[in-house]
S.K.: 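Before anything else, here's the structure in question.
Just so it is clear, the structure is predicted and the values come from calculations on it, not from any experiment.
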Amino acid sequence: FAEGNYRTVASMVDEVMQQWVKENRGVIKEYDRDKYICVFKNACLKKLIDDKFEILDRIRTVRVGESNVPVTVSIGIGVVDGDIDEKTAASVSALETALQRGGDQAVVKTEKGMDIYGGRTKTVQKKTKVRARVVAAELMELIGASRNVLIMGHRYADFDAFGACVGISKLCRVAGADYNIVSNVNDANLKKCFEKAYAVPGITKNTFIGSDLAQERLYSDTLLIIVDVNNPQQFESEDLAAKANTIVCIDHHRKTGEFVVHPEIAYIEPSASSSCELVADMLEQTLPSGSLCKDEAELMLAGIVLDTKKYEVNTGTKTFGAAQFLKSEGADPGQVQQLFITDFEDF
């Protein structure tokens with residue numbers, strides 16, 4: 001919220017939090033700006049869950065400025081066996097999940113998994129591209145330091161997953177890295193996408209490999225980049241992610257699962273329309289104008305068109321900005337629509 005309102009709003013939020021913790025016989029301490037650590041007895045947890053963490057609703061009543069924007073909090077709670085370090089790690093992991101899901105929710109991590117409460121506030125799309133630039137720079141460093149790169153999306157890939165994989169492969173080619181895209185080459189739904197991808201300079205039929213061959217190309221210093229999915233159960237190859245030492249995740253879905261290996265970079269933005277939007281932002285911040293070829297720009301634009309239902313849902317200024325960037329790189333919206341047309345024989 002606005003710097004001019006910070007002290008007033010922070011004081012109001014602090015008062016609500018202190019009262020809530022007092023009611024639950026706990027202790028709360030602010031250890032950094034807008035960050036609190038809270039300790040309470042396990043016996044109080046059942047009441048908090050039964051109330052579905054009504055503290056989220058209390059905080060939401062605090063409003064900021066003339067626009068009346070609600071303030072929200074994110075809560076991570078660890079309920080696991082072990083020493084204080086293990087409990088702290090579980091709480092931090094739960095809090096990261098809450099933030100990566102868009103905030104305004106409480107996540108309770110137990111031995112069995114995660115329970116999520118709240119999340120009523122609609123995510124607000126960020127207008128700045130600073131994070132895209134920072135992530136792109138970090139990713140290029142990881143690509144340059146890796147023996148080879150494997151890129152994969154989710155099972156039964158759609159245009160967004162496919163386009164994002166192709167977009168990331170461009171970064172690999174620029175960095176001079178050896179790479180492969182893990183995908184089901186026999187997927188009839190992606191037939192037109194594969195044909196268009198083979199027209200991209202640097203991409204051949206050998207670029208796309210199945211899960212089995214990907215296992216053979218997974219080394220100790222291999223970088224695995226996962227796009228358009230953050231739940232291991234939906235990965236193109238769950239075993240591949242479990243065995244990789246270095247992982248990067250780029251996704252626009254609310255986080256729903258835990259990685260076996262903690263990602264070096266977790267660029268998860270639920271406010272984005274699509275993974276292709278996130279990747280397009282990264283390419284725009286990294287590459288000189290005119291670096292993309294027409295076909296790869298159209299594959300990424302198809303991902304945005306699909307996930308926004310032709311710009312009808314979940315769009316923002318960054319969505320149209322990414323589409324404009326891809327258009328400037330040669331993408332033809334008419335050719336993109338051809339990817340969505342069903343063959344008469346299939347019909």
S.K.: Can you tell whether the side chains of E23 and R58 come within less than 4.0 Å, N to carboxylate O?
M.R.: yes
S.K.: Counting distance only, does the side-chain N/O of S11 pair as donor-acceptor with the main-chain N or O of T8 below 3.5 Å?
M.R.: no
S.K.: Can you give me the closest heavy-atom contact between L292 and E329, atom names plus distance?
M.R.: N-OE1, 3.0 Å
S.K.: Under a single-linkage definition using a 4.5 Å side-chain heavy-atom cutoff for Ile, Leu, Val, Met, Phe, Trp and Tyr, are L99 and V248 assigned to the same hydrophobic cluster?
M.R.: no
S.K.: Which value, rounded to the nearest 0.5 Å, describes the distance between Y156 atom OH and N184 atom CG?
M.R.: 9.0 Å
S.K.: Whether the side chain of S291 engages the backbone of L287 through a donor-acceptor N/O pair (distance < 3.5 Å, no angle test) should be reported.
M.R.: no
S.K.: Do D83 and K87 meet the salt-bridge criterion of a basic N to acidic O distance under 4.0 Å?
M.R.: no
S.K.: Quiz question: by atom type and distance under 3.5 Å, do the side chains of H252 and D228 form a donor-acceptor pair?
M.R.: yes
S.K.: Roughly how far, to the nearest 0.5 Å, is the NZ atom of K35 from the CD atom of E30?
M.R.: 11.0 Å
S.K.: What is the distance from atom CD1 of I225 to atom OG of S146, rounded to the nearest 0.5 Å?
M.R.: 8.0 Å
S.K.: Give a yes or no on whether the backbone of D160 and the side-chain of D158 come within a donor-acceptor separation of less than 3.5 Å.
M.R.: yes
S.K.: For M152 and A241, which heavy atoms make the closest approach, and how far apart are they?
M.R.: CE-CB, 4.2 Å
S.K.: Would you kindly confirm whether V135 and F259 end up in one hydrophobic cluster when ILVMFWY residues are joined by side chain heavy atoms under 4.5 Å apart?
M.R.: no
S.K.: With a sphere of 6.0 Å drawn around NZ of K192, does it hold more than 12 non-hydrogen atoms of other residues, nucleotides or ligands?
M.R.: yes
S.K.: Does the side chain to side chain contact (heavy atoms under 4.5 Å, CB included) test come out yes or no for K191 and E195, once each step is laid out?
M.R.: CA-CA 6 Å; K191 181 180 178 181; E195 291 174 354; 3.6 Å; yes
S.K.: Between I151 and S169, is a side chain to side chain contact (heavy atoms under 4.5 Å, CB included) present by the stated rule, with each step listed?
M.R.: CA-CA 8 Å; I151 311 165; S169 74; 4.0 Å; yes
S.K.: Is there a continuous path of hydrophobic side-chain contacts, each under 4.5 Å between heavy atoms, that joins M282 to L299?
M.R.: yes
S.K.: Take atom CD of E111 as the centre, draw a 6.0 Å sphere, and report whether it contains more than 12 heavy atoms from other residues, nucleotides or ligands.
M.R.: yes
S.K.: Output yes when K47 and D50 qualify as a salt bridge under the 4.0 Å nitrogen-oxygen rule, no when they do not.
M.R.: no
S.K.: Are there more than 12 heavy atoms of other residues, nucleotides or ligands under 6.0 Å from atom CG of D221?
M.R.: yes
S.K.: Indicate, with yes or no, if F53 and V71 share a hydrophobic cluster defined by side-chain heavy-atom contacts under 4.5 Å among Ile, Leu, Val, Met, Phe, Trp and Tyr.
M.R.: yes
S.K.: Between I77 and F40, is there a side-chain heavy-atom distance shorter than 4.5 Å?
M.R.: yes
S.K.: CG/L283 to CG/L278 distance, rounded to the nearest 0.5 angstrom?
M.R.: 11.0 Å
S.K.: Shortest non-hydrogen contact from A157 to A161?
M.R.: CB-CB, 4.2 Å
S.K.: Between S273 and N314, do the side chains contain an N or O donor and an N or O acceptor separated by less than 3.5 Å?
M.R.: no
S.K.: Using the ring of each side chain (for Trp, its six-membered ring), is Y311 parallel, tilted or perpendicular to F320, with breaks at 30° and 60°?
M.R.: parallel
S.K.: Determine, for E296 against K196, whether the closest basic-nitrogen to carboxylate-oxygen distance falls under 4.0 angstrom.
M.R.: no
S.K.: Working to the nearest 0.5 Å, report the span between OG1 of T222 and NZ of K243.
M.R.: 13.0 Å
S.K.: I181 and L150: side chain to side chain contact (heavy atoms under 4.5 Å, CB included), yes or no, with the steps?
M.R.: CA-CA 6 Å; I181 298 175; L150 296 175; over 6 Å; no
S.K.: So with a 6.0 Å cut-off around CD of Q324, is the heavy-atom count from everything else above 12?
M.R.: no
S.K.: Between T246 and E264, is any side-chain donor less than 3.5 angstrom from a side-chain acceptor?
M.R.: no
S.K.: Could you check whether the rings of Y198 and F208 sit parallel, tilted or perpendicular, using 30° and 60° as the cut-offs?
M.R.: perpendicular
S.K.: Of the non-hydrogen atoms in G103 and S74, which two are nearest, and what is the gap between them?
M.R.: CA-OG, 3.2 Å
S.K.: How about R173 and V200: do any of their side-chain heavy atoms sit closer than 4.5 Å?
M.R.: yes
S.K.: Quick one: do R217 and N180 satisfy side-chain hydrogen bond (donor to acceptor under 3.5 Å, both in side chains)? Show the steps, please.
M.R.: CA-CA 9 Å; R217 299 188 180 180; N180 290 101; 2.9 Å; yes
S.K.: Does the side chain to side chain contact (heavy atoms under 4.5 Å, CB included) test come out yes or no for D57 and I55, once each step is laid out?
M.R.: CA-CA 5 Å; D57 297 323; I55 181 62; over 6 Å; no
S.K.: Taking all non-hydrogen atoms of both residues, which atom of C193 and which atom of L339 are closest, and how far apart?
M.R.: N-CD2, 4.3 Å
S.K.: Once you round to the nearest 0.5 Å, how far does CD1 of I226 lie from CD of E236?
M.R.: 11.5 Å
S.K.: Take atom CD in Q338; do more than 12 heavy atoms of anything else shown fall under 6.0 Å from it?
M.R.: yes
S.K.: Do the side chains of V279 and I143 join up, straight or via other hydrophobic residues, at under 4.5 Å, putting them in one cluster?
M.R.: yes
S.K.: Under the side chain to side chain contact (heavy atoms under 4.5 Å, CB included) test against I59, which residue among V16, I75, T72 passes?
M.R.: V16
S.K.: Is the shortest side-chain heavy-atom distance between S274 and F159 below 4.5 Å?
M.R.: no
S.K.: Looking only at non-hydrogen atoms, find the nearest pair between A164 and C276 and report the distance.
M.R.: N-SG, 3.4 Å
S.K.: Please assess R131 against Y267 for the test side-chain hydrogen bond (donor to acceptor under 3.5 Å, both in side chains), listing each intermediate value before the final yes or no.
M.R.: CA-CA 9 Å; R131 191 180 181 200; Y267 188 22; 5.8 Å; no
S.K.: Does the distance from a Lys or Arg side-chain N to an Asp or Glu carboxylate O, for K318 and D281, drop under 4.0 Å?
M.R.: yes
